[in-house]
Asker: 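The structure under discussion is supplied below as structure tokens; questions concerning it will follow.
Letters go in sequence order (proteins before strands), and every chain restarts at 1.
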Amino acid sequence: MSVANEETVDVKARNKDLIKEVLAVYPEKTAKRRAKHLNVHEQGKSDCGVKSNIKSIPGVMTIRGCAYAGSKGVVWGPIKDMVHISHGPVGCGQYSWSSRRNYFIGVTGVDSFGTMQFTSDFQEKDIVFGGDKKLAKLMDEIQELFPLNKGITVQSECPIGLIGDDIEAVSKVKSKEYGGKTIVPVRCEGFRGVSQSLGHHIANDAVRDYIFDKTDPSKLAEFESTPYDVAIIGDYNIGGDAWASRILLEEMGLRVIAQWSGDGTLAELEATPKAKLNVLHCYRSMNYISRHMEEKFGIPWCEYNFFGPTKIVDSLRKIASYFDDKIKEGAERVIAKYQPLMDAVIAKYRPRLEGKKVMLYVGGLRPRHVIGAYEDLGMEVVGTGYEFAHNDDYQRTAQHYVKDGTLIYDDVNGYEFEKFVEKVQPDLVGSGIKEKYVFQKMGVPFRQMHSWDYSGPYHGYDGFAIFARDMDMAINAPVWKMAKAPWKTDAAATAVAAE
Amino acid sequence: MAQNADNVLDHFDLFRGPEYQEMLANKKAKFEHGHDPAEVERVREWLKTEEYQEKNFAREALTVNPAKACQPLGAVFVAVGFNGAIPFVHGSQGCVAYYRSHFSRHFKEPTSCVSSSMTEDAAVFGGLNNMIDGLANTYSMYKPKMIVVSTTCMAEVIGDDLNAFIKTAKEKGSVPADFDVPFSHTPAFVGSHITGYDNAMKGVLEHFWDGKAGTAEKSTPVKNGSINFLGGFDGYTVGNLREIKRIFNEMGVKYTIVGDNSDVWDTPTDGEFRMYDGGTTIEEVTNAVHASATISMQEYCTEKTLPFIADHGQEVAAFNHPISVKATDKFLMTVAKLAGVEIPASLEKERGRLVDAIADSSAHIHGKKFAIYGDPDLCYGLAEFLLELGAEPTTVLATNGNKRWEEKMKALFASSPFGKDCQVYSQKDLWHLRSLLFTRPVDFLIGNTYGKYLERDTNTPLIRIGFPIFDRHHKHRYPVWGYQGGLNVLVTILDKIFDTIDANTMIAGKTDYSFDIIR
């Protein structure tokens with residue numbers, strides 16, 4: 001025990017020094033601001049001791065995106081039977097076209113539109129004279145050319161809010177003209193807020209205002225309730241995550257009436273107020289609508305975590321606790337069914353991964369949610385941080401996930417992250433595409449933890465097998481032994497590249 | 001249970017198992033409230049018709065699946081080509097996250113770029129403070145040799161003045177007064193990424209040649225016999241620029257590659273992350289004013305830059321992404337003439353090898369019909385090459401092509417008997433192309449990664465040449481310029497042709513009589 005304590009003390013001291021060292025590069029004003037976002041976690045504290053959801057500092061190379069990315073890219077984009085217009089210049093829609101891997105089943109261009117880039121492609125005249133007429137015309141063209149679309153959303157890019165366009169009015173007129181069609185104007189201009197996060201919130205509010213509140217109840221699909229109806233909220237079906245989750249909920253006897261929003265449809269969104277329970281995976285991006293449904297329709301919601309068997313077991317039981325014995329027994333049956341698979345996965349991969357150290361920097365839920373999955377494999381998360389968390393995320397992180405001495409970095413930038421990794425020398429970094437190659441150049445194994453590095457699913461029992469295999473593949477790839485030429489004898493560099 | 005620890009199933013196998021298939025069918029039947037499958041089928045077929053094409057081409061407001069990006073992407077492409085330079089994009093921060101991701105997905109390399117992170121308050125009061133703080137932070141954190149500023153549409157809509165802002169930032173001590181901060185306005189609602197290349201390149205040259213925004217003397221050109229080379233926005237920049245250097249060295253040409261991003265997008269994995277690597281130095285770009293001539297490999301990427309250079313007394317020559325033997329001949333002869341050197345026997349031999357390869361293989365390409373889409377110069381270069389191979393570039397489409405380009409393409413078609421039935425489309429997108437692939441089918445499609453959706457929908461085999469290429473690796477390392485580049489393009493086309501023949505002839509006992517061992 002005492003050795004472990006000493007180690008923790010050492011690590012804590014090292015991490016504190018590291019933060020000081022990193023801050024030294026900044027101009028004084030910036031150092032003061034950044035200091036509030038970096039910390040070494042103290043066990044027993046109710047949060048991670050960092051400020052969050054604050055504007056990024058100009059010029060530092062923040063990794064964050066924007067509100068449009070949070071709305072179009074995250075929340076709305078995956079709703080497959082609606083057409084999502086990237087309203088403004090061409091770039092935003094182009095760079096986010098099919099890059100998030102929200103899997104869906106459907107005939108693209110006919111009844112599904114998830115991997116298409118619809119844009120109003122603003123030109124100078126649209127900026128000068130406004131884009132409302134173009135938007136109206138564009139909706140007519142969508143109606144004619146894509147007649148099976150179930151609805152339209154307008155995802156605002158920066159200029160829309162700056163030039164005073166009235167997308168709400170256009171949407172209203174067109175909705176009426178098309179016989180009450182769902183048309184959702186979303187004010188997710190990229191300059192709003194400090195990150196993707198406000199985009200999630202605005203997108204949630206748009207669901208509330210234009211789907212829950214505006215839809216004529218007589219037009220809703222027929223729906224027969226059962227006592228076991230649940231909706232999956234905040235799973236974007238990246239690489240099939242929501243499917244690997246849905247299968248477990250159904251196996252335990254629940255009926256999943258909607259997926260928000262991976263492989264989701266308008267009908268599923270509309271049916272959700274009939275759920276008996278909303279199960280919420282990505283708290284950050286969809287807590288707003290969950291709270292709203294609780295207040296307005298009395299639907300309880302529960303957070304869950306389907307990364308790694310330990311958390312899956314806890315979550316299945318937690319979800320079951322909202323239902324009767326039939327479901328509780330169902331949960332136990334599911335847990336028992338998959339236990340042998342989990343035992344086999346852990347038996348195979350844990351010996352290869354035991355004791356490996358991981359640093360994470362991701363978005364909404366993963367900086368905490370995946371920690372359990374790593375621990376199931378005997379790995380240790382020694383540093384973590386969020387692109388766009390709020391304090392309630394850091395509270396959850398502190399209270400349920402991170403260990404004493406963990407390095408915490410909120411809205412980390414290129415410089416800080418590189419320095420942290422250089423000094424901490426983890427065996428694996430999990431972050432995004434912008435970070436991937438930086439660390440691989442340094443000889444540090446890496447997995448993209450937004451896109452699952454084009455793999456996945458990582459959710460559920462089926463996903464955990466893939467997760468374990470992928471982490472092993474990253475860390476134990478022979479390539480990392482080759483980073484240094486054999487005639488170079490730089491000991492420190494070899495240590496980074498080892499294993 | 002489908003999953004298995006011994007043989008872990010990936011998404012492409014996992015979800016095909018009976019449990020998942022049943023689950024998905026159930027979801028669709030009970031909760032999605034989709035359309036009648038017969039109706040879906042009817043519309044799917046209708047989308048293939050002439051009638052649909054007519055409506056599709058009548059679009060005036062809607063763009064679907066365009067093959068172009070926005071200006072600042074081109075500006076970032078230019079900026080990273082200078083030694084120790086960091087691109088600084090003034091405006092919303094999300095844009096920069098997108099540019100960096102986009103390039104990293106294509107090159108499989110890091111792309112360093114900063115944003116001035118403007119938010120609502122900057123929308124109201126302007127982004128001056130973001131510029132002042134941003135430049136100071138970038139300068140102290142990343143120790144660049146220069147900061148190359150461009151703009152997002154947000155900064156353009158509110159009318160931020162880069163020249164004034166940078167001056168003020170310097171007065172406030174963000175960076176030293178003599179630190180180089182070239183800039184260009186790159187509104188996303190004008191042109192495309194190739195316009196951004198043009199504006200940013202011109203901005204850098206203006207800075208170094210025309211008195212650094214009024215802070216230094218304008219340069220007086222003194223001809224030194226050197227040649228400047230501009231590659232234009234090019235997904236193959238890594239392979240191409242290295243090939244160009246090899247060719248120029250072979251020819252004994254004194255040259256400057258202006259905007260050389262071939263090293264920064266191809267750094268080694270050896271334990272060190274190089275944020276900056278290679279690139280045109282400040283000294284080189286400054287002295288580039290004294291060159292005798294400038295060559296642009298992509299006319300439509302340098303429509304403003306070349307006249308600017310010509311105004312500084314240089315001869316200028318523009319090409320259209322030369323790939324064919326004839327275009328490469330013309331390129332080399334122009335270089336030789338401008339630099340006053342001879343084309344060496346070694347290159348003549350390379351030429352002969354490309355001609356030899358075409359002679360060996362053209363029987364498999366001759367008469368085949370192709371659709372091509374991409375940036376205007378690349379489209380031209382590829383069409384020119386196909387005509388030379390006896391193929392027909394039946395449909396050529398550039399979303400960011402202009403009228404001048406359209407005319408030039410038509411002249412190219414008219415110059416060859418193989419161009420007789422070829423059509424050019426500018427300002428059209430991949431949804432237009434989808435219609436065309438149904439109504440005027442071709443044998444092969446040439447385009448970027450997004451062409452795979454057209455391949456799926458129209459069953460036209462896709463040959464991946466263009467930008468971005470996200471789903472195949474390392475293609476950017478191989479040149480498509482020079483005779484060697486022409487050979488690479490030839491082989492890329494041939495590989496797909498042969499793979500397609502094999503795939504169509506491999507049913508045992510049915511079609512495999514044509515599954516030939518020798519082709």
Asker: Select one option (side chain, backbone, both, neither) describing which atoms of A:A347 are under 4.5 Å from chain B's heavy atoms.
Answerer: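 For A:A347, neither part sits under 4.5 Å from chain B.
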
Asker: Taking the six-membered ring for Trp, is the centroid-to-centroid distance between A:Y454 and B:H11 below 6.0 Å?
Answerer: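 No, ring centres 6.0 Å or more apart.
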
Asker: Please look at B:S92 and chain A and tell me whether the side chain, the backbone, both or neither of the residue comes under 4.5 angstrom of a heavy atom of that chain.
Answerer: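 For B:S92, the side chain is the part near chain A, not the backbone.
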
Asker: B:Y453 versus chain A, heavy atoms under 4.5 Å apart: side chain, backbone, both or neither?
Answerer: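 Contact with chain A is through the side chain of B:Y453 alone.
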
Asker: How many angstroms lie between OH in A:Y349 and CZ in A:F464, if you round to the nearest 0.5 Å?
Answerer: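 So the gap between those two atoms works out to 10.5 Å.
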
Asker: Between A:V256, A:I433, A:L145, A:V107, which has the largest tally of heavy atom pairs under 4.5 Å with chain B?
Answerer: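 When all of A:V256, A:I433, A:L145, A:V107 are compared, A:L145 has the most.
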
Asker: For each of B:L73, B:T152, B:N26, tally heavy-atom pairs with chain A at distances under 4.5 Å, and name the one with the top tally.
Answerer: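 When all of B:L73, B:T152, B:N26 are compared, B:L73 has the most.
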
Asker: Specify whether B:F467 and B:F107 have parallel, tilted or perpendicular ring planes, treating 30° as the upper limit for parallel and 60° as the lower limit for perpendicular.
Answerer: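 B:F467 and B:F107: tilted rings.
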
Asker: Below 4.5 Å from any heavy atom of chain B, which atoms of A:C66 appear? Answer side chain, backbone, both or neither.
Answerer: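 Both parts, heavy atoms under 4.5 Å.
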
Asker: Any donor-acceptor pair under 3.5 Å linking the side-chain atoms of B:T267 with those of B:R274?
Answerer: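 Side chains of B:R274 and B:T267: no pair found under 3.5 Å.
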
Asker: Could you look at B:D429 and say if it's the side chain, the backbone, both or neither that has a heavy atom under 4.5 Å from chain A?
Answerer: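 Neither part.
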
Asker: Please classify the contact between A:K436 and chain B as side chain, backbone, both or neither, with a heavy-atom cut-off of under 4.5 Å.
Answerer: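 It is neither, since no heavy atom gets under 4.5 Å.
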
Asker: Checking A:E250 against chain B: side chain, backbone, both or neither under 4.5 Å from a heavy atom?
Answerer: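 Just its side chain gets close to chain B.
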
Asker: Just checking B:K172: does its NZ atom have more than 12 heavy atoms from other residues, nucleotides or ligands closer to it than 6.0 angstrom?
Answerer: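 Open: at most 12 neighbouring heavy atoms sit under 6.0 Å from NZ of B:K172.
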
Asker: So, for A:E157 and A:P89, which heavy atoms are closest and what is the spacing to 0.1 Å?
Answerer: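 Closest approach of A:E157 to A:P89, heavy atoms only: OE1-O, 2.6 Å.
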
Asker: Relative to chain A, which of B:V114, B:N65, B:V8, B:V64 shows the most heavy atom pairs under 4.5 Å?
Answerer: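 Heavy-atom pairs under 4.5 Å are most numerous for B:N65.
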
Asker: With a 4.5 angstrom heavy-atom cut-off, which part of B:M275 approaches chain A: side chain, backbone, both or neither?
Answerer: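 Interface part for B:M275: side chain.
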
Asker: Does some side-chain heavy atom of B:I158 sit less than 4.5 Å from a side-chain heavy atom of B:M118?
Answerer: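 Side-chain contact under 4.5 Å: yes.
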
Asker: For chain B, which candidate among A:V345, A:D470, A:I466, A:D111 shows the most heavy-atom pairs at distances under 4.5 Å?
Answerer: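 Top count of heavy-atom pairs under 4.5 Å with chain B: A:I466.
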
Asker: Any idea which of B:S192, B:C113, B:G91 has the most non-hydrogen atom pairs under 4.5 angstrom with chain A?
Answerer: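 Top option by heavy-atom pairs under 4.5 Å: B:C113.
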
Asker: Between A:S455, A:P340, A:G264, A:G131, which shows the greatest number of heavy-atom pairs under 4.5 Å with chain B?
Answerer: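 Between A:S455, A:P340, A:G264, A:G131, the count favours A:S455.
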
Asker: Give, as side chain, backbone, both or neither, the part of B:F12 having an atom under 4.5 angstrom from any heavy atom of chain A.
Answerer: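 Neither; nothing under 4.5 Å.
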
Asker: Under a 4.5 Å heavy-atom cut-off, does chain A meet the side chain of B:F103, its backbone, both or neither?
Answerer: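 No part of B:F103 comes within 4.5 Å of chain A.
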
Asker: With a cut-off of under 6.0 Å to the ring centre and 45° to the axis, is B:R59 in cation-pi contact with A:F146?
Answerer: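 Here B:R59 fails the 6.0 Å and 45° test against A:F146.
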
Asker: Identify which part of A:F439 has an atom lying under 4.5 Å from any heavy atom of chain B, answering side chain, backbone, both or neither.
Answerer: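 Neither part, no heavy atoms under 4.5 Å.
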
Asker: Find out whether A:Q117 and A:V90 are in side-chain contact, i.e. whether some heavy atom of one side chain is under 4.5 Å from a heavy atom of the other.
Answerer: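 Side chain of A:Q117 against side chain of A:V90, heavy atoms only: contact under 4.5 Å found.
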
Asker: With a 4.5 angstrom heavy-atom cut-off, could you sort out which part of A:P27 is near chain B: side chain, backbone, both or neither?
Answerer: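 Both parts, heavy atoms under 4.5 Å.
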
Asker: What part of B:I132 gets closer than 4.5 Å to chain A, counting heavy atoms only: side chain, backbone, both or neither?
Answerer: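 Neither part, no heavy atoms under 4.5 Å.
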
Asker: What residue in A:I142, A:I163, A:D81 has the most heavy-atom pairs under 4.5 Å with chain B?
Answerer: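 Most heavy-atom pairs within the cutoff with chain B belong to A:I142.
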
Asker: Is B:S115 in contact with chain A via its backbone, its side chain, both, or neither, using a 4.5 Å heavy-atom distance?
Answerer: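 When you check distances to chain A, only backbone atoms of B:S115 fall under 4.5 Å.
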
Asker: Counting heavy-atom pairs under 4.5 Å to chain B, which of A:Y461, A:Y338, A:F223 comes out on top?
Answerer: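 Looking at each of A:Y461, A:Y338, A:F223 in turn, A:Y338 comes out on top.
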
Asker: Is it the backbone or the side chain of A:T115 that comes under 4.5 Å from a heavy atom of chain B, or both, or neither?
Answerer: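 For A:T115, backbone and side chain are both near chain B.
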
Asker: In terms of heavy-atom proximity below 4.5 Å to chain B, should A:R469 be classed as side chain, backbone, both, or neither?
Answerer: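 For A:R469, the side chain is the part near chain B, not the backbone.
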
Asker: Just so I understand: if I count every heavy-atom pair under 4.5 Å between each of A:S99, A:A271, A:G414, A:A258 and chain B, which residue has the most?
Answerer: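 That would be A:S99.
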
Asker: Which answer fits B:A67, side chain, backbone, both or neither, if we ask what part of it has an atom under 4.5 Å from a heavy atom of chain A?
Answerer: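 When you check distances to chain A, only backbone atoms of B:A67 fall under 4.5 Å.
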
Asker: Under a 4.5 Å cutoff for heavy-atom pairs, which residue among B:G94, B:S117, B:P110 has the most contacts with chain A?
Answerer: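 Ranked by contacts with chain A, first place is B:P110.
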
Asker: Counting only heavy atoms closer than 4.5 Å, note whether B:E60 contacts chain A via side chain, backbone, both or neither.
Answerer: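 Both backbone and side chain.
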
Asker: Between B:Q71, B:E39, B:K108, B:R456, who has the most heavy-atom pairs with chain A when the cutoff is under 4.5 Å?
Answerer: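 Answer, by heavy-atom pair count under 4.5 Å with chain A: B:K108.
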
Asker: Given a strict heavy-atom distance threshold of 4.5 Å, which part of B:L430 is in contact with chain A: side chain, backbone, both, or neither?
Answerer: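 Only the side chain of B:L430 comes within 4.5 Å of chain A.
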
Asker: Check whether any side-chain heavy atom of B:K55 sits under 4.5 Å from a side-chain heavy atom of B:E51, and report yes or no.
Answerer: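 A side-chain contact exists here, since the closest heavy-atom pair is under 4.5 Å.
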
Asker: Salt-bridged, A:R246 to A:D263, with N to O below 4.0 Å?
Answerer: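 Looking at A:D263 together with A:R246, the answer is no, because their closest N to O distance does not fall below 4.0 Å.
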
Asker: Measuring heavy-atom distances to chain A, does B:S112 have an atom under 4.5 Å in its side chain, in its backbone, in both, or in neither?
Answerer: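 Both parts, backbone and side chain.
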
Asker: Does a salt bridge link B:D121 with A:K55, judged by any charged N lying under 4.0 Å from a carboxylate O?
Answerer: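 Salt bridge between B:D121 and A:K55, a charged N being under 4.0 Å from a carboxylate O: yes.
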
Asker: What part of A:V479 lies closer than 4.5 angstrom to a heavy atom of chain B: side chain, backbone, both or neither?
Answerer: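 Answer is neither: A:V479 stays 4.5 Å or more from chain B.
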
Asker: What part of A:L266 gets closer than 4.5 Å to chain B, counting heavy atoms only: side chain, backbone, both or neither?
Answerer: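 Contact with chain B is absent: no heavy atom of A:L266 under 4.5 Å.
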
Asker: Check each atom of B:M154 against the heavy atoms of chain A and say whether the ones under 4.5 Å are side chain, backbone, both or neither.
Answerer: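 Both parts, backbone and side chain.
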
Asker: Is it the backbone or the side chain of A:K125 that comes under 4.5 Å from a heavy atom of chain B, or both, or neither?
Answerer: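 The answer is neither part of A:K125.
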
Asker: State whether the side chain of A:S86 and the backbone N or O of A:T119 hold a donor-acceptor pair below 3.5 Å, judged by distance alone.
Answerer: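 The answer is no, because no donor-acceptor pair under 3.5 Å joins these two groups.
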
Asker: Take atom CD of B:E22 as the centre, draw a 6.0 Å sphere, and report whether it contains more than 12 heavy atoms from other residues, nucleotides or ligands.
Answerer: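 Counting other residues, nucleotides and ligands, CD of B:E22 stays at 12 neighbours or fewer.
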
Asker: Compare every heavy atom of B:R100 with every heavy atom of A:T62, then report the nearest pair and how far apart it is.
Answerer: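 Closest approach of A:T62 to B:R100: O-NH1, 4.1 Å.
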
Asker: Go through the atoms of A:K133 and report whether side chain, backbone, both or neither lie under 4.5 Å from a heavy atom of chain B.
Answerer: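 Neither part, no heavy atoms under 4.5 Å.
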
Asker: Kindly state whether the ring of A:W243 and the ring of B:F15 have centres lying under 6.0 angstrom apart.
Answerer: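 Distance test on ring centres: under 6.0 Å, yes.
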
Asker: Pick one of side chain, backbone, both or neither for A:E418, based on which atoms fall under 4.5 Å of a heavy atom in chain B.
Answerer: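 The side chain, not the backbone.
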
Asker: At a heavy-atom distance under 4.5 Å, which candidate from B:E272, B:H102, B:H35 has the highest pair count against chain A?
Answerer: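 Looking at each option in turn, the highest pair count goes to B:H35.
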
Asker: Quick one: do the B:T269 and A:W480 side chains pair a donor with an acceptor below 3.5 Å?
Answerer: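 Note: B:T269 and A:W480 side chains miss the donor-acceptor criterion.
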
Asker: Parallel, tilted or perpendicular: which describes the rings of B:Y52 and B:W431, with under 30° parallel and over 60° perpendicular?
Answerer: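 Perpendicular.
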
Asker: First locate atom NZ of B:K48, then atom CG of B:D457, and finally report the distance between them rounded to the nearest 0.5 Å.
Answerer: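 If I round to the nearest 0.5 Å, the distance is 9.0 Å.
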
Asker: Non-hydrogen atoms of chain A under 4.5 Å away: do they reach the side chain of B:D471, the backbone, both or neither?
Answerer: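 No part of B:D471 comes within 4.5 Å of chain A.
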
Asker: In terms of heavy-atom contacts, does NZ of B:K28 have more than 12 from other residues, nucleotides or ligands at under 6.0 Å?
Answerer: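 At most 12 heavy atoms, drawn from other residues, nucleotides or ligands, come within 6.0 Å of this atom.
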
Asker: Looking at A:D121 and B:K68, is there a salt bridge between them, counting it only when a charged N and a carboxylate O are closer than 4.0 Å?
Answerer: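 A salt bridge is present here (some side-chain N lies under 4.0 Å from a carboxylate O).
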
